[in-house]
Every structure is written in structure tokens, then in C-alpha cells.
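Notes follow the structure.
Computation of the quantities below employed the complete heavy-atom set of this structure, encompassing side-chain atoms and omitting hydrogens, waters and symmetry-equivalent molecules.
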Amino acid sequence: IFETKYNIMAKNRLQSAWEAFRNPQTYTQNKLYEAVFRLLGGQTNTYNQDLATLLVRGYGENPDVNAMVNQMASKSTVVPFYVKKIKDEKKLSLVRSFPIELTVQQKKQLAKIKAETYSEEYLPMPLERPNTLQTWNDLIFLYKLYLKVCGNVYFYKMTPQDGINKGVPLQLHILPSHWVKIVLKPNAAMIGTDNPIDYYVMEQGNQFIKFEADSIIHIKRSNPFFDYNGTQLYGYSELMAAIRNINSSNSFIDSNVKSSQNSGVYGFVHAADAQTALTAEQAQELKDRIVEMDNSSERLANIKGASAKIGFTRISLTTDELKPFDFLSNDRRTLANCLNWDVNLLNEDRRTTGGGGFTDTLIEARKRVMIDNIKPDLDLLASYLNPEFIRKFKGYEDAELEFDITQMPEMQTDMETMAKWVNTVPLTLNERREVFNYEKIDDEMMEQVYIPNNLVNLNDPTLEELNGQT
């Protein structure tokens, strides 16, 4: 009976070890399974792959994620935005078809099409403040933060349910993305004509707040993971693929703090003579003396003597041997890649890179993130707010919110290129002003073409005297 019971227990242990190897997320909660899993060469991820983890462990605790997200969120708040009425709805799709980074010719063409598409006057934002506690800059900052970290942004429209202002937003609030859950309709079909979402719930601990589906503006990253439970209805965070790098980076920072606190490596103190062993009492006394010496700031005054030759055997690696900063740099670059940010903006590398050196690299980095990161996310915000918020107000039925990055300092290098270009092509002075979004000047001379180099009017009679040519 004992032998049979022992064989069953051994078999169960082998099955448990194998299951721990195949499915570490389930079995590594047990310390024994975790030890077996590590013995077989596996590595466990101590962070759960959920939005709360990304927000707390990522943005809240990881300095690299925090710095990058703060940089892009702060930059998003200073991009100029305005509301204009649409004159020609048909040309609106043509305006949106232009890429973000334009050639000089495309910029002039786009400026002409915009002049025909939008009215000249600007409209104020329908609400001076989105709510009593926040400004528009606050909302844009949190929008960018939640979008990059959680992949989801939930705006709550507070609107009257009846009366003459029914459906007109009174306030706009942004909800904490990691607390919001989507509730599906009974027997909801994931592929069909009906909206499968019944309502939204904000859950914190044991508290629940229900929001009707039409009161929420849900902005999300595209999610390629489809199932019939509605996983694809949530956005997919860009940081989800880098959660191991967040874990690794945080672990190295914690290890670095511990190394600093214990003043370096650790090991065993023993008698230097291999033939002579320290007794337990001698070892404890020696340890007590070392602790006593380390407790005082006057270390030199606490040097102790010993009657025997003492040795030390190190059992840990030094910081130089571990090279944690190399791993931190690799994690930082991976996080920057996942967030579509440039690692040079984190002072990662100050080495000269040819030409104008690091300054040129920094200028290009700022321009690249403005085009590839800031502008697309702001356009995404506008694409949701325009139909679901802006056009809900009286007088704004044909209005549109637009973010303009051309006025940003990072884009002024393009303005310099455009200035050189307009001086080499036969344009009227008003056409040149249009390129830079300046208003036309109502003057006949401004509608005439000038020779690019010296700005001489083609009708100037003095041209007849130049080289005998007219």
C-alpha cells in the first residue's frame, strides 16, 4: 500500500511539473511549481497582462514609460486646434486623403482645397471647459495617456434626457480606462448589423456605475484578437507586447537599489586558513562587529581587530559583471519602439552622429514623432469628437474640429524649405501667402507674377532696357 501510494504521488509531481512547464501562468502561483518551472529553464512573468498592470506598473512605476508618455501627452496639449464650418462636404474626403507629411507642392494644393472646403471664420469650442474640474488641455493629456498605455479611452457625455436641449452635451468627462467594462446584450452577435454593446460599467472594488451605450464615446486602438465574447471590442494596448520589458526594467531598478543599500556584493566571511574553522560563536561575533561598524557614519573610528587571518568568499555578481545598464538600455529602446517614440528624446545617446551631430538628430527625432505619433492620435480624437460631440450643438451641425501641427516649432524646418521653394517658382504674391496660410491682400499688384530672383514685375518697362530684351 505504501509503495503504491508513493508511485501515485511521484506521478502527480511529474504531471504537475510538466503542466507548470506548459502553462506557467496557472502554476507559478505555487512556489514549488515556480521552482520546478525555473529549474527546467523557464522564466515566469510576474505581471498580469491587464490594463491596471500597464497603468500602475508601467506608467506609474517605470520611469522610462512615464517619461515617454508624459512627453507625448504634454506635446499633444500644445498643438493648436480650431473649429471651422464646412462649405463643401464633397471636398472634405479629398482633404482627408492627403498624407501627414507633404511635399511643398502638396501643401500648396492642400491649402487651396481647404480654402474651398472650409469657411474662413473660426468657431469657438462649443464648451469653454469640458467640465467644471478640467480644461481641454487636461482632457487631451489624459486622452493621450490612456490611449498609449491602455489602448482605450472612454468619454462620458452628460446630456439632458428631455426638453429643448435633449441630446446636447452639458459636460464631457474622461473615465479611467482600466476600470471600464463593456457589457454585451443577451445573445449578442459579434458579426451582424446590430450593436452588440448593451451598456458600460465603471467598476472600482465593489462599486459599480452604469453608463448607457449612447452616452459613451469609446476611442480605441484596433484589436486583431477576435472572439465571440467581444474581446475585439476593447482596444489593444501598444505596451502589452512589452510587459516583460516593463517587468525586467523595474526588476533591475529594484536590484540596483538593493545593491546600493547593502554597499555591494554579499558572501561569507571565514578563516583564511583552510585548516582552521571559525566556530559558530566566532562567526556570529564577527558578523555583529561588522554590523556595528556599518551602523555608524564614522566608519574609520570603528575599525576592529581580529586574532586570526580572515578571508571572504563572494557568492554574488558585481554591478559591473551584471551590466544592468545594458539591459536597461535595451528595455528602454524596446519600450520606445512599442510606443512609437524616439529614444533620442530620452537623452539615450549623446554621441555625435555626423554632420550637425546630435542636434540634427534631435531635430529630426522631434519632427518624426510629431508626424508619426502626435498628429495621428489627435486626428483619431477629432474623428470621434466631430460626429459624437461637436455636431451635437446648435450651429455646429456642419462644423469640424481640426488639429494643426504646421504651426509647431518642430515643423518650422519645412517652412524654411517652403520659403526657398516659393522664391524659385512663378507664383503671385498672394499665392505665396496662401502657402503659409496667410490671408490674401486685396491689391491688383498682389495678383501678378514676379520674376522669382529679384521680384521685378513682368510689366515693368525697365525690363526692356535689360540686355536689349523685353
Side-chain angles (χ1 to χ4, degrees), residues 76-100 102 106-132 134-144 147 153-175 212-220 374-408 411 433-434 436-440:
S76 298
T77 63
V78 297
V79 175
F81 60 91
Y82 50 82
V83 180
K84 301 189 74 173
K85 283 195 172 184
I86 302 172
K87 294 191 301 184
D88 192 338
E89 192 77 28
K90 296 181 181 179
K91 291 187 177 180
L92 188 60
S93 59
L94 185 59
V95 172
R96 295 172 178 169
S97 67
F98 278 82
I100 297 177
L102 305 170
Q106 286 176 325
K107 289 178 180 178
K108 183 181 183 303
Q109 184 181 6
L110 179 59
K112 181 180 179 181
I113 296 176
K114 279 188 172 182
E116 299 171 352
T117 304
Y118 299 106
S119 61
E120 296 182 359
E121 66 274 6
Y122 294 92
L123 297 175
M125 286 294 288
L127 296 177
E128 184 178 354
R129 296 172 66 99
N131 57 71
T132 56
Q134 295 173 315
T135 66
W136 286 109
N137 283 349
D138 294 331
L139 240 63
I140 293 175
F141 185 96
L142 291 175
Y143 157 78
K144 185 70 172 182
L147 185 67
V153 182
Y154 301 91
F155 287 108
Y156 167 57
K157 296 181 296 182
M158 184 182 294
T159 59
Q161 298 302 313
D162 48 32
I164 59 174
N165 290 324
K166 179 181 179 181
V168 179
L170 298 175
Q171 292 186 356
L172 187 67
H173 296 263
I174 189 167
L175 305 179
E212 298 299 330
D214 58 359
S215 68
I216 296 294
I217 303 175
H218 181 195
I219 306 175
K220 63 182 185 297
I374 304 299
K375 177 62 172 174
D377 287 348
L378 290 177
D379 286 346
L380 179 66
L381 174 62
S383 68
Y384 278 85
L385 290 185
N386 282 330
E388 299 187 44
F389 179 75
I390 297 293
R391 294 172 188 162
K392 299 294 183 181
F393 293 88
K394 184 178 181 180
Y396 288 78
E397 293 83 1
D398 55 352
E400 182 170 272
L401 173 68
E402 183 177 358
F403 292 87
D404 185 11
I405 65 170
T406 61
Q407 307 302 321
M408 298 298 294
M411 307 304 296
R433 293 179 63 85
E434 288 179 11
F436 298 102
N437 296 326
Y438 295 151
E439 295 182 359
K440 289 184 177 182

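Considering CD1 of I86 and NZ of K91, their distance stands at 13.5 Å, rounded to 0.5 Å. Going from atom NZ of K90 over to atom CD of E116 covers 13.5 Å, rounded to the nearest 0.5 Å.
A salt bridge links R391 with E400: the closest approach of a Lys/Arg side-chain nitrogen to an acidic carboxylate oxygen falls below 4.0 angstrom.
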Legend entry - Pair W136-R129, side-chain contact (heavy atoms from CB on, under 4.5 Å): steps then yes or no: CA-CA 6 Å; W136 286 109; R129 296 172 66 99; 5.6 Å; no
Legend entry - Worked check of side-chain contact (heavy atoms from CB on, under 4.5 Å) between L94 and T117: CA-CA 9 Å; L94 185 59; T117 304; over 6 Å; no
Inset, instruction - Starting from the C-alpha separation in whole Å, work towards a yes-or-no answer on side-chain contact (heavy atoms from CB on, under 4.5 Å) for K144 and D377. - result: CA-CA 8 Å; K144 185 70 172 182; D377 287 348; 2.5 Å; yes
Inset, instruction - Verify side-chain hydrogen bond (donor to acceptor under 3.5 Å, both in side chains) between T406 and D404, making sure each step is shown before the conclusion. - result: CA-CA 6 Å; T406 61; D404 185 11; 2.6 Å; yes
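Atom NZ of K392 has 12 or fewer heavy atoms from other residues, nucleotides or ligands within 6.0 Å.
Of all heavy-atom pairs between L139 and P130, the closest is CD2-CB, 3.7 Å.
Using bins of under 30°, 30° to 60° and over 60° for the plane-to-plane angle, the ring pair F155/Y143 lands in the parallel bin. Using a 30° and 60° split on the angle between ring planes, F403 and F81 fall in the tilted class, from 30° to 60°.
Figure legend: cation-pi geometry between K87 and Y118 absent, as NZ or CZ is not positioned both under 6.0 Å from the six-membered ring centre and within 45° of its axis.
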